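All remarks here apply to the structure that follows.
Below, each value reflects all heavy atoms present in this structure, side chains not excepted, and no hydrogens, waters or symmetry copies. Please read these numbers as outputs of a predicted model, since none were measured by experiment.
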Amino acid sequence: MNETLVNILGKFSPLLGGMGRRSASAIFMFHRVIPEGEICYDPEMATSKELFEAFLDWADERYRVVSLVDLLSARPKQGDGKKPFCAITFDDGWQDVFLHAFPLLRAREMPATIFLPVRFVGTVRRFWQERIWFFSRELRRRNQPESVVDHLMARFPWYPPLPAQGLDFKPLRRTLLERPSQEAEEFADCLEEVLGPGAVPPGPAFMDWTQVRAMRSAGITFGSHTLNHTLLICSDPKTARREIEDSRTELEGILGEPTAGFSYPWGASDPRLREQVRKAGYAFAVATDTNLIPEAADPYALPRLAVSSAFLRGRNGKFEPNRVNFYLFRAAIPLGKPKRASPVNSSGRERIRIAFVIDFIDAWEDGGTEKQLAQLISALDRDYFEPELYFLRPSLGLTDKDFPCPVRVASPLPAPKWSRVGVLYRLAQLFRRHRPHIVQTFFRDGTYYGVAAAKFARVPIVVVSRRNAGHWITRVDRLALKMINRQVDSWQCNSRAAFESLTSAESVPAEQIEILSNALDVDRFSPATEEEKSSIRKCLGLPDSSLVAVSVANLTPVKDTSTLVDAAAMLVGALPDARFLLVGDGPLRAPLEERARQRGLSESVKFAGTQSDVRPFLAAADIGVLTSKSEGSSNSLLEYMAMGLPIVASAIPANRELVEGFFFETGNPRDLADKLLALWSDPKRRDLMRQGNRQRALEYSPQRFAERAQSYYSKLVAKYSQGS
């Protein structure tokens, strides 16, 4: 808004205050108070010492400045004809608040409340966002973005495709604010490993406990801001609860007095989090919604007015009271789009119901998607989530007791006999009856029927899973998906290759896509000892010291296993004792067996069929092979990695982003044979690949997967009510 108009309206705002809520209480929120000219990584957090002093004088004239606890208890008296109440708060406990703000408050005998991230106090830790700011400046100075991008992409499979310009502070912060705070911390740690420790100034950024006690003795009160300044809406529920409860326990233990107040980091909360704060024993909690305190304020979502130099400074660079008056008046009459109600009930005590829609599941081992769906359902803590499976048609090979959650079936008939309209109608009826908060779809038909039925049933949040690079999409599918995608709130994919397929081929907005990498039991798929390897080879009838290459894949056209059979035929001359294990089944098994027989490979190529436990075959192998023409994120490659196998894989994007290996030209058996021979001839390279692949596999542990999955669904529910 024009600065002159702001000043004019601000001049008359006190006279117009009765139209709003002139006597309403206000809570002012500060972060840092720094000398004029000092730089802060986020200017919206910084108030100059000079402007802060002018603000205190202004507040003393206009308000009765009281502690936050006193403000909440005194609010019934705010209509007594005297000046309204206000409270001053600070988030984070920056050391400059002790150095610059505290003396000014003490001189005026003004109270304030400071919300502390407990495990930053008295340490040299810095917030990940400040560290990223320092690192991005250092990266610009060094001008080496490509090598840093490659390192980050290999380390963090959940990070979306990162162009070199994506290393600037704002895009990095924007992306990391969508992730669990632990991952943002790890991302900053990784950048520090690359750049070295010199990019961040040494010394503490936050108060120590001696300074906290000195302020407390002068009338300053303290509340919790979590343990680690954790963005709670992007946390899994157990992490959020720990951050809320343990921060209060630790703060009370250190200060020896009750902790009444809580501040949500970044002001972000939802009914679930507010209920956790209440149950933890806090009397109130503050957010960052810009508003005066309404008559019927939720004590666990108190609004505040954010204050910074930009808020206080007029055109002449000095404190401008009319500017502040105007913003106070505007806060008294909140404008803009109202927030949607949270899909879970307002008490925050309801579990998040998730309906997973898939065509059918006849065996969990049939494919990668089924395995990962089983992992996903198992990862959800039943104290907070209530998953259900919705099938379009009944599962023929399994009964209800074989599934990890309740099962609903839209049609009692197999696909050729069902009525499409009938299936859609019955699925929508199931959604209306069981009222899921989230519907998530898998596969082509599951997506078409699931999204449409969810919209008919007015399910609040619709998610589509995309676990491949879209190799199945025809021209008709593109037209159908163009309509379907308009009804989708979020897409969940398992790799950057799938992410880029969604953005480029289907024009899905990047900000609506989440990469949830596959999960793997890295303890179960642990590297075999030499003794185990020798024993298993003996059981399988394999030579003890010759090359054994393994391929775990369904025998379907997209997996292109024929390329491996042809490569084996080219290698038998140089490596007559080499063996190639093909683990998996499918429609191409018989043609592949005939192909191998015709090339004289009956002894060299072994067809093991579908195996409920593939680990023995991996333990017997020297090299893992994947020949796919298209993948989202291969479970087979993850298993090879966890077993510490060196890998030769087709040079498709999904494989390149996942592993450190030798890559051959897709569909080229000569190149595959050459790569296998080169790797077998280089023991030192194989050892390095074993170590690197095993280390990278640890990022896909079930624990990390569970944290990410639960964080994702918690975030979806929280953002729904924020209108995001």
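- Put simply, the side chain of Thr290 never gets that close to the backbone of Leu305: no donor and acceptor are under 3.5 Å apart.
- Counting heavy-atom neighbours within 6.0 Å of Gln487 CD, excluding the residue itself, gives a total above 12.
- Residues in residues 508-522 take part in these salt bridge (charged side-chain N to carboxylate O under 4.0 Å, His left out) pairs, two or more places apart or across chains: Arg179-Glu514, Glu514-Lys715.
- In this view, Glu192 and Arg131 satisfy the salt bridge (charged side-chain N to carboxylate O under 4.0 Å, His left out) rule, not counting sequence neighbours.
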* **From CA spacing to verdict: side chain to side chain contact (heavy atoms under 4.5 Å, CB included), Cys405, Arg382** => CA-CA 10 Å; Cys405 64; Arg382 297 309 196 268; 4.3 Å; yes

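- Closest of all the heavy-atom pairs between Tyr159 and Pro171 is OH-O, 4.2 Å.
- Taking Glu186 as the reference, Gln182, Arg704 meet the side-chain hydrogen bond (donor to acceptor under 3.5 Å, both in side chains) condition, with sequence neighbours excluded.
- No side-chain donor-acceptor contact under 3.5 Å links Glu370 to the backbone of Ile361.
- Partners of Asp42 under the side-chain hydrogen bond (donor to acceptor under 3.5 Å, both in side chains) rule, at least two apart in sequence or in another chain, are Arg173.
- Here the two rings, on Phe127 and His229, have centers that are under 6.0 Å apart.
- Scanning all heavy atoms of the two residues, the minimum distance from Arg125 to Asn228 falls at NH1-OD1, 2.9 Å.
- Aromatic ring orientation, Phe385 versus Tyr713: perpendicular (interplanar angle above 60°, classes split at 30° and 60°).
- Note on residues 152-172: pairs passing salt bridge (charged side-chain N to carboxylate O under 4.0 Å, His left out), not counting sequence neighbours, are Arg155-Glu699.
- In this view, Ser235 and Thr230, Thr239, Ala240 satisfy the side chain to side chain contact (heavy atoms under 4.5 Å, CB included) rule, not counting sequence neighbours.
- At least one side-chain heavy atom of Leu389 sits under 4.5 Å from a side-chain heavy atom of Leu373.
- For the pair Asn485/Leu502, no side-chain contact is recorded, criterion being any heavy-atom separation below 4.5 Å from C-beta on.
- The shortest heavy-atom contact between Ile515 and Pro157 is CG2-O, 3.4 Å.
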* Do Leu172 and Phe135 pass the side chain to side chain contact (heavy atoms under 4.5 Å, CB included) test, and can you show the C-alpha distance, the side-chain angles, and the key distance before you say yes or no? -> CA-CA 11 Å; Leu172 283 175; Phe135 295 149; over 6 Å; no

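- No side-chain heavy atom of Glu657 sits less than 4.5 Å from a side-chain heavy atom of Phe499.
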* **Derivation of the side chain to side chain contact (heavy atoms under 4.5 Å, CB included) call for Met45 and Asp92** => CA-CA 11 Å; Met45 291 174 54; Asp92 305 337; 3.8 Å; yes

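- Partners of Asp560 by side chain to side chain contact (heavy atoms under 4.5 Å, CB included), not counting sequence neighbours, listed by chain and number: Ser562, Thr563, Thr627, Lys629.
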* Take Asn518 and Arg467, measure what side chain to side chain contact (heavy atoms under 4.5 Å, CB included) needs, and give me the verdict at the end. => CA-CA 9 Å; Asn518 288 352; Arg467 306 188 61 79; 2.3 Å; yes

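- Between the side chain of Glu660 and the main chain of Asn693, no donor-acceptor pair closer than 3.5 Å is present.
- In summary, Glu275 and Arg272 do not engage in a salt bridge, as defined by a charged side-chain N under 4.0 Å from a carboxylate O.
- Using a 4.5 Å heavy-atom threshold, the side chains of Asp489 and Tyr720 count as separate.
- Checking Tyr41 against Arg126 by side-chain atom types alone, no donor-acceptor pair falls below 3.5 Å.
- Under a cut-off of 6.0 angstrom, the local environment of CZ in Arg432 is crowded, with over 12 non-hydrogen atoms contributed by other residues, nucleotides or ligands.
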* **Criterion side chain to side chain donor-acceptor pair (under 3.5 Å) on Gln372 and Asn635, from CA distance to verdict** => CA-CA 9 Å; Gln372 291 303 315; Asn635 288 311; 2.7 Å; yes

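- With a 4.5 Å cut-off on side-chain heavy atoms, Phe525 and Leu638 do not count as touching.
- A donor-acceptor pair is defined here as one N or O able to donate and one able to accept, closer than 3.5 Å; such a pair exists between the side chain of Ser711 and the backbone of Asp236.
- Remark: Asp91 engages Arg304 in a salt bridge (charged side-chain N to carboxylate O under 4.0 Å, His left out) (not counting sequence neighbours).
- Taking 4.5 Å as the limit, some side-chain heavy atom of Leu191 sits within range of a side-chain heavy atom of Leu152.
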* To do: Walk me through it: do Tyr712 and Ser490 pass the test side chain to side chain donor-acceptor pair (under 3.5 Å)?
  => CA-CA 10 Å; Tyr712 171 70; Ser490 179; 2.7 Å; yes

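- Between Phe391 and Phe403, the distance from one ring center to the other falls under 6.0 angstrom.
- For Arg408, the salt bridge (charged side-chain N to carboxylate O under 4.0 Å, His left out) partners are Glu388, not counting sequence neighbours.
- Side-chain atoms of Phe356 and Ile354, non-hydrogen and from C-beta on, do get closer than 4.5 Å to each other.
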* Go through the steps for Thr474 and Asp477 under the test side chain to side chain donor-acceptor pair (under 3.5 Å), then give the verdict. => CA-CA 5 Å; Thr474 65; Asp477 287 314; 3.0 Å; yes

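- Under the side chain to side chain contact (heavy atoms under 4.5 Å, CB included) criterion, Ala184 pairs with Trp128, Leu176, not counting sequence neighbours.
- Side-chain contact between His225 and Ser247: absent, with no pair of heavy atoms (C-beta onward) separated by less than 4.5 Å.
- Val357 approaches Gly450 most closely through the heavy-atom pair CG1-CA, 4.1 Å.
- Tyr390 has its ring centre less than 6.0 Å from the ring centre of Phe431.
- Within 6.0 Å of the CZ atom in Phe456, the count of heavy atoms belonging to other residues, nucleotides or ligands does not exceed 12.
- Ring planes of Trp133 and Phe169: perpendicular class, angle over 60° (limits at 30 and 60°).
- Pro43 approaches Ser308 most closely through the heavy-atom pair O-CB, 4.1 Å.
- Under a 3.5 Å cut-off, the side chain of Arg696 and the backbone N or O of Met641 do not form any donor-acceptor pair.
- The minimum heavy-atom distance linking Pro387 with Leu380 is given by the pair CB-CD1, 3.9 Å.
- Side-chain atoms of Glu506 do not come within 3.5 Å of backbone N or O of Ser501 as any donor-acceptor pair.
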* For Arg274 and Tyr264, run side chain to side chain donor-acceptor pair (under 3.5 Å): C-alpha distance rounded to whole Å, both residues' side-chain angles, the deciding distance at 0.1 Å, then the answer. => CA-CA 9 Å; Arg274 293 193 284 274; Tyr264 305 98; 5.4 Å; no

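- The salt bridge (charged side-chain N to carboxylate O under 4.0 Å, His left out) search around Lys238 returns Asp381, not counting sequence neighbours.
- Remark: Ser378 pairs with no residue by the side chain to side chain contact (heavy atoms under 4.5 Å, CB included) rule, at least two apart or across chains.
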